[in-house]
Amino acid sequence: MRILELLAPAKNLECGKAAIDHGADAVYIGPPQFGARAAAGNSIADIAELCRYAHIFDAKVYATVNTLLYDEELPQAGLLMQQLCDVGVDAILIQDMRLLEISHRSPLTVHPSLHASTQADNRTADKVAWLWQQGFRRAVLARELSVDEIRAIHEAVPQMELEVFVHGALCVSYSGRCYASEYCFGRSANRGECAQFCRMQFDLLDADGRELEHQRHLLSLKDLNLSAHLADLIEAGAMSFKIEGRLKDVSYVKNVTAAYSQLLNQYIAAHTGQYQRASKGLVRYAFEPDLSRTFNRGYTTYFVHGRQPQQASFDTPKAIGPFVGTVKELRGRSFNVAGTAAFANGDGLCFFDADRQLKGFRVNKAEGNRLYPLQMPAGLKPGTKLYRSNDQAMESILAKPSAERKIPVTMTLVPCEGDADFLLTIDDGSRRSTIRIVAPHQLAHTPQRGQMVRELQKLGGTPYECTDVILPDDFPYFIPASQLAGARREVVKAQSQPLPAKEERVNSQENKEEDSQLTRGQDWGGRLMTCRYCLRHELGFCVRHGGRRPAWREPLFLRLGDGRRFRLEFNCVSCQMNVYADEE
C-alpha cells in the first residue's frame with residue numbers, strides 16, 4: 001500500500017498546529033538560522049512543541065536548513081542540526097552538500113532523514129540517483145517538471161521519495177539558479193534574502209532599442225494550482241504534495257491545507273486498498289474550503305502537462321482575487337454592482353484603471369449590492385470589473401477555530417486472571433497502550449455496563465474520539481467511577497507519549513559532484529536566471545509552439561525603472577530562457 005503525504009508550510013508554531021489540525025500529514029518550518037526564508041525563522045523551543053503536537057497524529061516535522069553557507073558558518077549549522085535532531089525533527093532539508101559530511105560525522109545515534117531541497121536543482125534522473133547515493137531519502141523536485149518527467153525520475157530511481165509542489169507562489173528561475181537578487185541588491189536568494197526581482201516592472205526592448213512593452217511585470221508568474229492534477233502526480237510516482245507558503249498567514253494555511261486534504265481523501269476513497277495517508281486522524285471542518293477565496297495571483301498549472309500559455313500576470317504581482325461583478329452606477333459616496341456575489345463589511349476590492357494600474361479599496365459598508373467605500377477610489381466608473389482581494393466573510397470564519405482533528409480509538413476493559421485488577425487498553429488501529437487498574441474483582445449490585453461505557457468515552461479535550469468500548473459480555477464487576485476516570489486519563493497519557501525514535505544511519509559516500517557551496521564575490525558568468533518560463537512564448541511569438549513570427553530584432557533586453565538592463569537569451573534547443581546582466 002502506497003503512502004501519500006500532504007506537506008504544509010509553517011511560518012510559525014501557530015501555522016504549524018493549524019496545518020496539522022486541518023489535515024496535513026507533515027509540516028516544514030524554518031529554524032532560527034539558515035532557512036531559505038530568512039523572515040520565517042523559529043525558536044528551537046517552538047519547533048520542539050510543534051514536533052510534540054504533530055507526532056500525536058503520526059504527522060512529521062521537517063526543518064529547512066537549506067541556504068548556502070560560508071565556511072565559517074558550517075560548525076554553527078552542524079550544531080543547529082544536532083539541536084533539531086534532539087527535539088524530534090523528522091527530516092532536515094538541505095541545499096549545501098557540505099552538510100552531508102557533518103551529518104555523517106555526527107555522534108548522534110538517531111538521525112533524521114535528509115531531504116534534498118528544491119534549491120539543489122533536482123530536475124533530472126541522474127541528479128536524483130546521485131542524491132540517493134549520497135544518503136538522501138527524498139528529493140524535492142523542481143516546480144517546472146511535467147508529469148512525464150516526474151514519472152521518468154520515479155522509474156529510474158524508484159527507491160527515492162519524490163516530493164512535488166502542488167500549490168503556491170512560483171519562482172521564475174529554477175530554484176537555486178537565481179542570482180538576480182544578489183547581483184542587483186546584494187541580497188542572496190540562496191541565503192534566504194530574495195528581494196523579489198521577478199515581481200518588479202520592466203520595459204522590454206529589442207536590439208534596436210525599440211520599446212516593445214512599457215513597465216510591466218514581465219517575469220511575475222501566477223501562482224501554482226495543481227488541485228485538478230493530483231491523480232496524475234500520484235500515478236507518476238510522487239508521494240509528497242507540497243504547499244508553498246512559509247511567509248503566508250494562518251488563514252491561508254487553513255484553507256489551502258483543508259482543500260488539498262479533502263482531495264487526497266477523495267482519491268484514496270476511490271482507490272480502496274491501494275493508498276493511505278501518512279498520518280492518522282479524522283478532520284471535521286467548520287467551513288467549506290475554497291482555493292479561490294485565499295491569496296493568489298491568479299492560477300496556472302505551469303508545466304505539469306507541458307508548456308502552457310498565460311503563465312504570468314503582467315499587470316500586477318499582487319493578489320487580485322476572483323471576479324465579483326461589474327460597477328453598474330455611481331451615486332454620491334456609493335455605487336452598486338451587477339453580479340451575483342455577496343459582499344461583507346470590510347471586504348477588500350480592486351480594479352484596473354484606464355492605465356492598467358491596480359487600484360484597491362476597502363468596503364466600509366455593504367447593503368446588498370450597494371457598496372460604500374471607506375473612500376471613493378479615483379478611476380472607478382460604470383463598467384469597471386471588480387475583484388475581491390480580501391474576503392472578509394472567509395477571513396472571519398478562519399479567524400475562529402475552524403477544524404477539529406480526532407483519532408478514532410477503541411477502549412477495551414477486561415479483568416485479569418484471579419481475584420484482582422483489570423486491564424484497560426486504548427487502540428487506534430496502528431498503536432495501542434495498556435495500563436493496569438489495581439482494584440479487587442468486586443461484584444456490582446446493579447448493572448454497570450452503561451455507566452462504564454459512558455465514562456470510558458469521555459475523551460473531550462484529547463486528540464482521541466472513542467468509537468467503540470469493548471467489555472466482556474459477562475462483566476459483573478464494579479469499579480468506582482473516580483478510579484475508572486483516572487485510569488482513562490492514564491491510558492490516554494500513555495498513548496500520547498512519543499514513540500522511541502528509530503535508529504538510522506546512512507553510509508557516507510565520496511562526494512563526486514561539486515559542492516553547492518557559497519563563495520563571497522561569486523562569479524556566475526553573467527547569467528542571473530535560468531528559466532523554463534519563456535517570455536517570447538508568453539507574448540505569443542514562439543514559432544515552435546504555434547506562435548507568430550516576431551518582427552523585432554534580437555537580442556531582447558529587460559530594463560528596470562532605474563535604467564539597468566538585462567539581456568535575454570532564448571535557447572530553443574533546451575526550450576529555456578536565460579537572463580544575463582548587461583554590462584555594456
Side-chain angles (χ1 to χ4, degrees), residues 2-5 7 26 28 36 60 62 64-69 81 90-106 111-166 171 173-178 190 226 232-242 278 302-306 502 504-518 530-532 571 573-576:
R2 279 184 58 195
I3 302 298
L4 302 180
E5 175 188 273
L7 176 57
Y28 60 104
K60 295 181 178 179
Y62 307 145
T64 57
V65 187
N66 56 344
T67 62
L68 295 183
L69 302 167
M81 291 174 70
D90 299 282
I92 297 176
L93 286 83
I94 69 172
Q95 175 187 185
D96 196 315
M97 296 301 160
R98 293 173 298 173
L99 292 177
L100 277 170
E101 184 179 356
I102 290 176
S103 175
H104 297 323
R105 290 203 313 261
S106 172
H111 285 253
S113 295
L114 289 178
H115 294 181
S117 171
T118 190
Q119 276 82 8
D121 193 21
N122 310 320
R123 48 185 159 122
T124 67
D126 285 346
K127 177 63 176 288
V128 172
W130 178 85
L131 290 168
W132 175 263
Q133 292 169 1
Q134 304 312 306
F136 288 95
R137 291 300 171 257
R138 180 180 298 187
V140 187
L141 298 182
R143 294 168 173 87
E144 290 83 357
L145 297 188
S146 68
V147 165
D148 290 340
E149 289 167 322
I150 294 168
R151 181 180 293 108
I153 292 173
H154 174 64
E155 290 174 353
V157 198
Q159 65 272 36
M160 179 73 92
E161 294 182 355
L162 300 182
E163 181 180 306
V164 296
F165 283 89
V166 293
C171 299
S173 175
Y174 284 109
S175 290
R177 293 295 177 263
C178 180
N190 286 315
L226 299 184
D232 298 327
L233 295 168
I234 293 169
E235 289 156 19
M239 61 78 58
S240 180
F241 307 94
K242 187 172 194 170
Y302 211 26
F303 292 96
V304 72
H305 286 299
K502 295 180 180 179
E504 180 180 345
R505 268 193 186 275
V506 293
N507 294 325
S508 177
Q509 299 192 22
E510 182 183 356
N511 186 340
K512 297 180 180 178
E513 183 166 304
E514 182 180 355
D515 284 344
S516 299
Q517 55 186 294
L518 189 67
T530 304
C531 313
R532 197 167 202 175
N571 183 344
V573 174
S574 300
C575 210
Q576 181 172 291

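The shown structure was predicted, so the numbers you read here are calculated from the model rather than taken from an experiment.
- Partners of K60 according to the side chain to side chain donor-acceptor pair (under 3.5 Å) rule, which considers only residues two or more places apart in sequence or in another chain, do not exist here.
- We find the CG-CD distance between N66 and Q119 to be 5.0 Å, quoted to the nearest 0.5 Å.
- The side-chain tip of R532 points at the ring of F303 from less than 6.0 angstrom away and within 45° of straight on.
- Y174 contributes atom OH, which lies 12.5 Å from atom CG of N122 (distance to the nearest 0.5 angstrom).
- Within the 3.5 Å criterion, the main-chain N or O of Q576 finds no donor-acceptor partner in the side chain of N571.
- Between the CD atom of Q95 and the CG atom of N190 there is a distance of 4.5 Å, given to the nearest 0.5 Å.
- Scanning for side chain to side chain donor-acceptor pair (under 3.5 Å) contacts around D148 gives R151, with sequence neighbours left out.
- For Y28, there are no ring-ring contact (aromatic ring centres under 6.0 Å, His included) partners two or more places apart in sequence or in a different chain.
- Closest of all the heavy-atom pairs between C171 and Y302 is O-OH, 3.8 Å.
- Listed by chain and number, the residues in a side chain to side chain donor-acceptor pair (under 3.5 Å) with S240 are E5, R138 (sequence neighbours excluded).
- Of all heavy-atom pairs between F136 and A116, the closest is CD2-N, 3.4 Å.
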Full working for side chain to side chain contact (heavy atoms under 4.5 Å, CB included) between F165 and V140: CA-CA 8 Å; F165 283 89; V140 187; 3.8 Å; yes
Would L226 and V164 count as a side chain to side chain contact (heavy atoms under 4.5 Å, CB included) if you check the C-alpha gap in whole Å, the side-chain angles of each, and the deciding distance to 0.1 Å? CA-CA 10 Å; L226 299 184; V164 296; over 6 Å; no
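- Separating the CG atom in L162 from the CG atom in L141 is a distance of 5.0 Å, to the nearest 0.5 Å.
- Contact between A238 and R2 at its shortest, heavy atoms only, is O-NH2, 2.9 Å.
- The minimum heavy-atom distance between A142 and T118, with the atom names listed, is CA-OG1, 3.8 Å.
- When the side chain to side chain donor-acceptor pair (under 3.5 Å) test is applied to E144, no partner is found at least two apart in sequence or on another chain.
- One distance of note links CG of L99 with CG of L93; it measures 11.5 Å at 0.5 Å rounding.
- Interatomic distance, T124 OG1 to E149 CD, rounded to the nearest 0.5 Å: 10.5 Å.
- Checked by atom type and distance alone, the side chain of R98 pairs as donor or acceptor with a backbone atom of L69 at under 3.5 Å.
- Listed by chain and residue number, R123, R177 satisfy the salt bridge (charged side-chain N to carboxylate O under 4.0 Å, His left out) test with D121 (two or more places apart in sequence, or in another chain).
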In sequence, state the C-alpha distance, the side-chain angles, and the governing distance for T67 and D96, and then conclude on side chain to side chain contact (heavy atoms under 4.5 Å, CB included). CA-CA 7 Å; T67 62; D96 196 315; over 6 Å; no
For side chain to side chain contact (heavy atoms under 4.5 Å, CB included), just list the numbers for W132 and R137, CA-CA rounded to whole Å, side-chain angles, deciding distance to a tenth of an Å, and then say yes or no. CA-CA 6 Å; W132 175 263; R137 291 300 171 257; 3.3 Å; yes
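- The two residues L131 and A139 have their closest heavy-atom pair at CD1-CB, 4.3 Å.
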Tell me which donor-acceptor pairs under 3.5 Å the side chains of residues 153-160 have, and how far apart each pair is, sequence neighbours excluded?
none

